[in-house]
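Convention: sequence-line order gives letters A, B, ...; per-chain numbering from 1. Quick note: numbers below take in every heavy atom, side chains included, and nothing from hydrogens, waters or symmetry partners.
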Amino acid sequence: MATTEDKPATKEKTSSWKDSIYNPRTGELLGRTASSWGLILLFYLVFYAFLAGMFALTMWVMLLTLDDYVPKYRDRVPNPGLVIRPNSLDIAFNKSEPLQYSGYVKHLESFLERYNETEQEKNEECIQGEHFLQDDTEEMTKKACRFKRSFLSLCSGLSDTNFGYSEGKPCVLLKMNRIIGLKPRGKPYISCAIKKDDPVQMHYFPREGLIDQMYFPYYGKKAHESYVQPLVAVKLLLNKEDYNKELTVECKVEGSDLNNNDERDKFLGRVIFRIKVSDQLPAHPEAAALLFTVNSSVYPAPALPSRGYTVSTSSPS
Amino acid sequence: MARKNCLVKNLEAVETLGSTSTICSDKTGTLTQNRMTVAHMWFDNQIHEADTTEDQSGSSFDKSSLTWSSLARVAALCNRAVFKAAQDALPILKRDVAGDASESALLKCIELSCGSVKVMREKNKKVAEIPFNSTNKYQLSIHDTVEGESESSYLLVMKGAPERILDRCSTIMVQGKEQPMDEEMKEAFQNAYLELGGLGERVLGFCHVFMSEEKYPKGFAFDTDDVNFQTDNLCFVGLMSMIDPPRAAVPDAVGKCRSAGIKVIMVTGDHPITAKAIAKGVGIISEGNETVEDIAARLNIPVAQVNPRDAKACVIHGTDLKDLSQDQMDDILRNHTEIVFARTSPQQKLIIVEGCQRLGAIVAVTGDGVNDSPALKKADIGVAMGISGSDVSKQAADMILLDDNFASIVTGVEEGRLIFDNLKKSIAYTLTSNIPEITPFLFFILVNIPLPLGTITILCIDLGTDMVPAISLAYEAAESDIMKRQPRNPQRDKLVNERLISIAYGQIGMIQALGGFFAYFVIMAENGFLPSVLVGIRLNWDDRSTNDLEDSYGQQWTYEQRKIVEFTCHTAFFVSIVVVQWADVIICKTRRNSVFQQGMKNKILIFGLFEETALAAFLSYCPGMDVALRMYPLKPSWWFIAFPYSFLIFVYDEIRKLILRRNPGGWVEKETYY
């Protein structure tokens with residue numbers, strides 16, 4: 001009697017864990033029948049649909065309260081940052097190896113396309129030295145001031161298509177971040193310095209690295225569609241002693257009320273970058289392959305990590 | 001618990017008490033006062049009732065008969081109990097007595113009704129005595145007579161088992177006059193004895209004889225070892241019966257246990273009839289429920305013919321218990337709702353506890369004696385009596401009733417259930433905030449938006465603002481139905497079940513996450529980064545070398561500038577979680593009742609609400625927080641962003657609980673009542 005009673009009991013225990021996943025007798029999957037699953041999934045569907053609707057509604061209400069032209073709060077961008085083109089904080093190339101600096105050159109060329117004569121014809125010729133204030137009109141679009149490529153003369157890429165990279169006197173362009181309503185006081189200009197015992201000669205284009213007041217204020221993307229930022233080009237006149245050394249260049253916006261020595265943000269009103277020009281002639285095609293090249297990526301998608309450089313060997317093509 | 005006179009030795013015991021489904025209680029000293037009290041007397045062919053209340057508030061009986069004074073004299077003289085010294089100021093019932101329970105009862109009864117027993121004993125000094133022995137079942141003593149009471153010099157008084165006393169009597173005293181014993185008298189005696197015994201009382205017979213002066217003159221040397229005097233042909237005086245009355249609070253407590261779904265079983269070493277009588281008096285066997293013997297007696301058929309299924313109550317004798325197999329025991333425990341086990345040995349008490357546990361019950365055992373300790377140890381929770389309990393039982397028990405009050409067990413059950421409920425609430429509250437803490441990171445990875453909630457702010461929630469409200473839920477008062485529910489089934493009713501997870505993670509948590517995300521998008525948008533530009537921007541956003549990242553309005557941001565906005569968003573998300581957690585803690589206060597029914601009497605919770613808000617404000621606005629924790633001050637309007645979602649949580653859960661109350665057993669309860 002006892003044995004036959006025991007057998008079904010043990011059978012039940014071994015099949016119980018399988019039953020908890022799918023129980024063929026009651027038709028339960030993971031402890032619920034199909035209709036039970038159906039009800040609970042329906043509930044969650046309706047519930048989440050309602051929540052999504054509520055979220056969408058609140059978002060829409062919020063977006064309605066926003067102005068199309070000007071952000072509600074601008075207290076987080078009181079001062080502009082300063083960035084360089086080519087878009088790399090570590091510039092290194094061999095002036096005798098065109099492949100190494102072609103990336104930079106192409107980058108600068110494509111960046112300056114907007115500043116071509118043909119493009120800038122559309123813009124206004126503004127009064128220098130004054131903020132270009134414009135009142136709101138019916139259609140809200142604002143006019144932009146011209147900044148022609150020729151203003152950068154030697155660094156414009158028009159006369160020297162290599163932007164000075166082939167002769168070891170590279171050009172670096174500097175631009176200030178756009179900030180809506182920013183009207184700098186004074187006479188802002190860029191000045192660069194290299195940390196070295198003997199100063200390095202630098203050429204600024206436009207003259208004295210001036211950023212004209214007529215390019216301010218910026219009225220925002222929607223109103224100021226054709227706006228172009230004023231640029232300052234600095235040509236580093238490096239000598240033979242300066243080659244094969246890593247030089248740290250610091251460029252600052254001086255002569256105005258813009259903050260350029262913030263403790264926490266190293267890019268407000270200034271930019272620090274490193275440049276290394278080497279002049280070694282390639283001995284061997286394979287030797288050239290062994291030289292490290294810097295991969296510069298084309299603006300505006302920097303897969304570039306911040307201060308390192310990706311290592312790749314150039315294939316002799 | 002200590003305030004309610006329950007000493008808890010290990011804290012898990014309280015939770016176990018909350019899930020108790022069966023209480024096996026000892027009788028003497030636990031359910032009863034362990035103070036034998038004279039309840040009835042039989043003399044002059046009549047049953048008289050004595051007052052058994054603890055404070056003498058009952059009615060008195062007629063004391064005019066001479067038979068009564070003789071009875072009183074026998075009871076006072078044939079008695080070795082004495083009051084302990086220096087107690088004259090105390091009421092008689094509260095005085096300490098040196099002597100056994102029955103004799104103490106007699107002593108107190110006589111002292112109450114007739115006056116000082118000491119004086120009586122001094123008047124009739126004891127000359128010889130034969131103490132009680134279990135073979136003879138009587139006790140006798142011989143006393144000097146008082147001057148002028150009678151011609152005899154000596155009075156022999158005897159008390160003991162009624163039938164033994166009756167056998168030794170040839171006459172009986174009626175209305176103070178001695179009459180020969182006849183069949184009618186004997187029958188009257190038998191009926192009275194049966195009736196009093198049927199009430200479960202301990203009955204003692206009393207008789208006396210004035211010893212003849214010729215045979216036993218003054219100075220006679222009575223020999224008690226080799227009896228040289230008459231011990232029969234005595235004059236029967238009367239019967240006195242006593243009972244150990246139940247404690248005043250017990251019937252009420254048993255009733256409460258019943259309605260809480262807890263089965264109360266009496267397990268005692270005492271006589272079955274007494275046990276049954278007390279069980280009926282206390283409510284363990286309720287009105288209208290009969291044992292098989294009761295049914296047999298009522299229908300006048302032999303016990304074997306009664307259908308056992310008809311009897312919901314049963315009284316099991318220890319000798320019968322020995323012969324029961326495990327299955328039969330399980331059968332009895334399963335099919336009867338009201339059970340009394342009488343004449344059980346300590347071993348059998350253990351077997352009973354094991355039987356109950358085999359059926360899946362959580363068993364609480366109450367006891368006070370050494371014989372209860374194995375059962376106390378085996379039980380899921382052992383409860384010992386504090387005052388009258390033996391040290392062994394107190395050691396074996398998990399909980400001690402400091403005032404011996406059985407009713408404290410009910411309090412203990414309520415506390416245990418309350419703790420379990422409040423723990424659930426606290427867990428539900430804490431788990432809910434996990435969703436708004438983890439979804440920001442998920443969306444950061446999947447949708448490539450800037451991180452909405454940072455690590456420091458998550459820690460501020462879990463270790464900072466959520467602590468006090470979560471703990472405050474432990475102080476929540478009981479919801480109204482706590483003692484009307486069935487005990488928890490330990491296999492099925494888990495602390496954290498799918499329904500709790502479903503509510504916390506799937507429903508409330510999601511609403512909270514949406515509230516946080518809404519705050520995030522609002523702040524980003526108001527600073528210039530509309531939602532459309534945020535999607536996919538993550539790699540550029542986190543790139544230190546990109547210092548001209550463009551927003552929706554054409555402005556360009558440096559790394560540090562946009563990071564400040566991101567950290568402001570973290571702070572706002574954190575504050576939004578605090579805001580929605582206000583609503584969460586209020587809804588977690590109750591599982592079934594509405595918050596309006598429960599009230600906001602939990603002061604600690606209210607304090608918690610203010611404290612977490614103050615802490616959040618402090619973390620946001622305190623100067624230096626931007627450097628220390630990277631938490632930035634929020635514009636006042638940003639505090640109110642999550643309010644609609646907070647309100648939604650409150651309304652949603654109130655409606656859910658309303659449906660739960662209106663539709664008990666419905667789908668909502670099945671899927672969401674945790």
Side-chain angles (χ1 to χ4, degrees), chain A residues 31 36 39-40 43-44 47-48 51-52 54-55 58-59 62-63 65-83 87-89 175-180 182 218-225 227 229 262 264-268 271 300-307, chain B residues 498 502 506-507 510-511 513-515 517-519 521-532 539-540 542-566 568 626-627 632 635 637-638 641-645 648 652 667-668 670-672:
Chain A
S36 178
L39 270 178
I40 192 85
F43 163 74
Y44 270 110
F47 182 71
Y48 286 149
L51 285 186
M54 172 149 180
F55 187 71
T58 47
M59 286 292 274
M62 181 267 290
L63 289 173
T65 64
L66 296 178
D67 189 89
D68 279 342
Y69 294 94
V70 176
K72 195 161 173 186
Y73 298 118
R74 285 179 278 147
D75 56 307
R76 289 297 179 206
V77 275
N79 293 299
L82 199 64
V83 295
N87 197 3
S88 163
L89 295 172
K175 74 175 172 81
M176 236 165 51
N177 279 348
R178 293 195 295 262
I179 290 175
I180 293 177
L182 180 71
Y218 174 56
Y219 284 100
K221 187 152 107 172
K222 192 153 182 194
H224 226 157
E225 250 186 87
Y227 179 83
Q229 276 154 296
D262 190 275
R264 313 214 74 212
D265 194 349
K266 299 273 185 273
F267 287 88
L268 277 185
V271 61
L304 200 68
S306 53
R307 287 192 204 292
Chain B
E498 332 72 65
S502 167
Q507 294 164 41
M510 288 297 172
I511 303 179
L514 283 184
F517 273 106
F518 182 55
F521 282 120
V522 166
I523 290 181
M524 281 289 186
E526 290 186 347
N527 273 295
F529 289 93
L530 297 180
S532 43
L539 289 169
N540 287 346
D542 286 341
D543 184 6
R544 264 183 199 277
S545 63
T546 305
N547 285 285
D548 55 352
L549 189 66
E550 191 172 322
D551 66 16
S552 312
Y553 293 88
Q555 298 185 117
Q556 287 166 327
W557 295 67
T558 66
Y559 179 82
E560 289 293 331
Q561 285 174 331
R562 60 183 187 261
K563 280 292 164 178
I564 289 180
V565 175
E566 182 182 324
T568 309
D626 56 344
V627 177
Y632 285 85
K635 301 199 193 298
S637 64
W638 290 343
I641 300 177
F643 270 52
Y645 292 90
L648 175 67
Y652 171 73
W667 185 84
V668 174
K670 212 160 50 84
E671 294 292 348
T672 67

In terms of heavy-atom proximity below 4.5 Å to chain B, should [X] be classed as side chain, backbone, both, or neither?
X	value
A:Asp262	neither
A:Arg76	both
A:Phe55	both
A:Met176	backbone
A:Val77	both
A:Leu63	side chain
A:Val70	backbone
A:Glu225	neither
A:Tyr48	side chain
A:Tyr219	neither
A:Met62	side chain

Return the option, out of B:Val565, B:Thr568, B:Thr558, with the maximum number of heavy-atom pairs under 4.5 Å with chain A.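 Ranked by contacts with chain A, first place is B:Thr558.
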[X] versus chain A, heavy atoms under 4.5 Å apart: side chain, backbone, both or neither?
X	value
B:Tyr652	side chain
B:Val522	both
B:Glu498	neither
B:Ile564	side chain
B:Ser502	both

Within a strict 4.5 Å, meaning less than it, do heavy atoms of the B:Leu648 and A:Met54 side chains meet? yes
Does the side chain of A:Leu268 reach to within under 4.5 Å of the side chain of B:Gln561, using non-hydrogen atoms? yes
For A:Asp68, salt bridge (charged side-chain N to carboxylate O under 4.0 Å, His left out) partners two or more places apart: A:Lys222
For B:Arg562, what residues pass the salt bridge (charged side-chain N to carboxylate O under 4.0 Å, His left out) criterion, not counting sequence neighbours? none
So, are B:Glu566 and B:Lys563 salt-bridged, with charged N and O less than 4.0 Å apart?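 A salt bridge is present here (some side-chain N lies under 4.0 Å from a carboxylate O).
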Under 4.0 Å between a Lys/Arg side-chain N and an Asp/Glu carboxylate O for B:Glu526 and B:Lys635? no
Check: [Y] main-chain N/O paired with [X] side-chain donor or acceptor under 3.5 Å:
X	Y	value
A:Arg178	A:Tyr218	no
B:Asp543	B:Leu539	no
A:Asn177	B:Asn547	yes

What class does the angle between the rings of A:His224 and A:Tyr227 fall in, given that below 30° is parallel, 30 to 60° is tilted and above 60° is perpendicular? tilted
What residue in A:Thr58, A:Ile179, A:Val83, A:Leu66 has the most heavy-atom pairs under 4.5 Å with chain B? A:Thr58
Nearest heavy-atom contact between B:Ala519 and B:Ile641 is CA-CG2, 3.6 Å
